Amino acid sequence: MKLRRSMLFMPGSNAAMLSTAFVFKPDSVMFDLEDAVSLREKDAARMLTFHALRSGLYDGIETVVRINPLSSPFGMADLEAVVRAGVEVVRLPKTDSADDVHRLETEVERIERACGRAVGSTRLMAAIESASGVINAVSIASASKRLIGIALAAFDYVMDMQTERGDGTELYYARCAVLHAARCARIDAFDVVFPDVNDDAGFLKEVDLIRRLGFNGKSLINPRQIELLHNAYAPTVEEVDYARRVVAAAEQAETQGLGVIALNGKMIDAPIVEHARVVLRRAAAGGTRK
Amino acid sequence: MKIVREALAGTLESSDLMVRIAPHPDLEIVLQSEVMRQFGAQIEAVARDTLDKLGVTAALVVIEDKGALDCVIRARLQTVVQRAAEEWTAEWSALS
């Protein structure tokens, strides 16, 4: 089971972070060539990220690169560099429609063929950052078989909505819309960055909300948040114990040819069994909550 | 690749390096490093190999290293050459 709980953002221009961030073991690392990089350092960030991807430093951690929009002077050069460097996932910013994904996919395939990389091996992620993107989330999420997920990005979105970050009310519709679109397309959904790195309690409150909503994970801007996030996403020992008993009861019922599964006198239906299997896979992949 | 203007790349932060390049009659590399005794020869070798693959045969290259990994050294040198060259003609496949 591929866990995508934590996606650690780092500026592609920061040599120190690129040289060390793998030690924090996020599920995914996202090298940013867009908003975190000044205009005069775009070339340097692209080159550093190219070499970081090829260095082997991030073996075992999913690599993602947020390129500049293809409509900008930098986007196509970013794409050439990172696809050739072997990035696992290209993150497209400011995705407003399925056509944005189609255009990206066309260019990725062209580069894959040109450099001898297997066609289809570069996966995609679309970041939704506007009202249009949220409204079109369903068609965006199903726009390409390469998509592994869609992500809500809050800073641009709240500006587009003429509001500001607050207690989460301002993101309520967008979170639900993006999440439902992802689930319809059977891909992952990623929540927004929590900007106050010194507010652990506020961070954990937001993590609890998005975990219960059903998000796979969250974008992060500080490595300190990784362990907090992973722990919050881990099932408890009690949940794992209950899941084991549910799965055992289901297997026993199947062995005995029984149509009805019972545990401690209560009927267990198929969705509960499937959820129990998911809990066990999560525990196997990420341990239990501390 | 012909160097036709002065350029700068990188920073003086830890794990990075700053590199300056300028037109020069031949290739001269001036290296300062916090880890000169242990890695000076390795850093210079990486720098020469990177410049050689870019076809840079005449330039003054001043490197101030703060403990950068080889991949950072290559990236910073390629960036500074890109900024200083008359024309950037390198293919991505030649930059590894």
Side-chain angles (χ1 to χ4, degrees), chain A residues 10-24 29 31 33 36-59 63 65 67 73-74 76-87 107-108 110-117 122, chain B residues 1 3 5-21 33-35 38-39 42-43 45-47 49-51 53-54 56 61 63-96:
Chain A
M10 69 176 78
S13 55
N14 189 318
M17 287 188 72
L18 264 65
S19 300
T20 57
F22 58 89
V23 303
F24 300 112
V29 63
F31 304 100
L33 301 180
V37 178
S38 67
L39 289 177
R40 66 191 183 97
E41 287 297 306
K42 294 289 187 189
D43 57 346
R46 187 182 304 125
M47 204 67 89
L48 268 177
T49 298
F50 174 82
H51 283 281
L53 289 168
R54 296 189 64 95
S55 67
L57 291 173
Y58 289 90
D59 287 354
T63 55
V65 176
I67 62 170
F74 314 108
M76 200 59 78
D78 293 344
L79 195 61
E80 289 278 353
V82 302
V83 171
R84 289 168 186 273
V87 71
E107 297 297 340
V108 167
R110 175 185 61 74
I111 298 166
E112 285 175 338
R113 291 186 190 284
C115 71
R117 182 171 174 173
T122 311
Chain B
M1 222 170 282
I3 302 303
R5 65 184 77 85
E6 292 186 15
L8 180 73
T11 72
L12 292 176
E13 294 172 9
S14 179
S15 302
D16 202 350
L17 60 83
M18 183 169 277
V19 55
R20 294 177 176 81
I21 196 166
S33 174
E34 292 180 343
V35 289
Q38 302 97 316
F39 298 109
Q42 167 72 8
I43 295 167
V46 171
D49 179 64
T50 305
L51 294 167
K53 284 178 176 164
L54 293 173
V56 175
V61 180
I63 298 170
E64 198 165 342
D65 171 62
K66 296 292 180 181
L69 298 177
D70 285 3
C71 60
V72 174
I73 298 170
R74 289 189 191 280
R76 292 310 194 191
L77 278 158
Q78 288 161 357
T79 300
V80 84
V81 169
Q82 191 170 20
R83 291 173 176 179
E86 186 173 34
E87 187 183 9
W88 177 254
T89 54
E91 300 286 338
W92 284 108
S93 58
L95 298 182
S96 301

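Computed from a predicted model, the values in this text were never measured in an experiment. Here is the naming used below: chain letters follow the sequence lines, and residue numbers restart at 1 for every chain.
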List the atom of [X], the atom of [Y], and the distance in Å for their closest heavy-atom pair.
X	Y	value
A:Ala15	B:Ser15	CB-O, 3.8 Å
B:Arg76	A:Ser13	NH2-O, 3.4 Å
B:Cys71	A:Leu57	SG-CD1, 4.4 Å
A:Ala77	B:Trp92	O-CZ2, 4.3 Å
B:Arg74	A:His51	CB-CE1, 3.7 Å

Start with the C-alpha gap between A:Met47 and B:Leu95, add the side-chain angles, then the distance that decides, and say whether side-chain contact (heavy atoms from CB on, under 4.5 Å) holds. CA-CA 9 Å; A:Met47 204 67 89; B:Leu95 298 182; 3.9 Å; yes
According to side-chain hydrogen bond (donor to acceptor under 3.5 Å, both in side chains), who are the partners of B:Gln42, at least two apart in sequence or on a separate chain?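 Expected list: B:Asp70.
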Evaluation steps, side-chain contact (heavy atoms from CB on, under 4.5 Å), between B:Val72 and A:Ser19: CA-CA 8 Å; B:Val72 174; A:Ser19 300; 3.6 Å; yes
Does CZ belonging to B:Arg83 count more than 12 external heavy atoms closer than 6.0 Å? yes
More than 12 heavy atoms of other groups within 6.0 Å of B:Phe39 CZ: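 Counting neighbours around CZ of B:Phe39, 12 or fewer heavy atoms of other residues, nucleotides or ligands fall under 6.0 Å, so no.
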Interchain contact, [X] with chain A, by part (heavy-atom threshold 4.5 Å):
X	result
B:Gln82	side chain
B:Leu17	neither
B:Ser14	backbone

What salt bridge (Lys or Arg N to Asp or Glu O under 4.0 Å) pairs are there with at least one residue in residues 84-96 of chain B, not counting sequence neighbours?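 As it turns out, there is no salt bridge (Lys or Arg N to Asp or Glu O under 4.0 Å) pair with a partner in residues 84-96 of chain B once direct neighbours are skipped.
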What's the spacing between A:Leu48 CG and B:Thr79 OG1 if we round to 0.5 Å? 6.5 Å
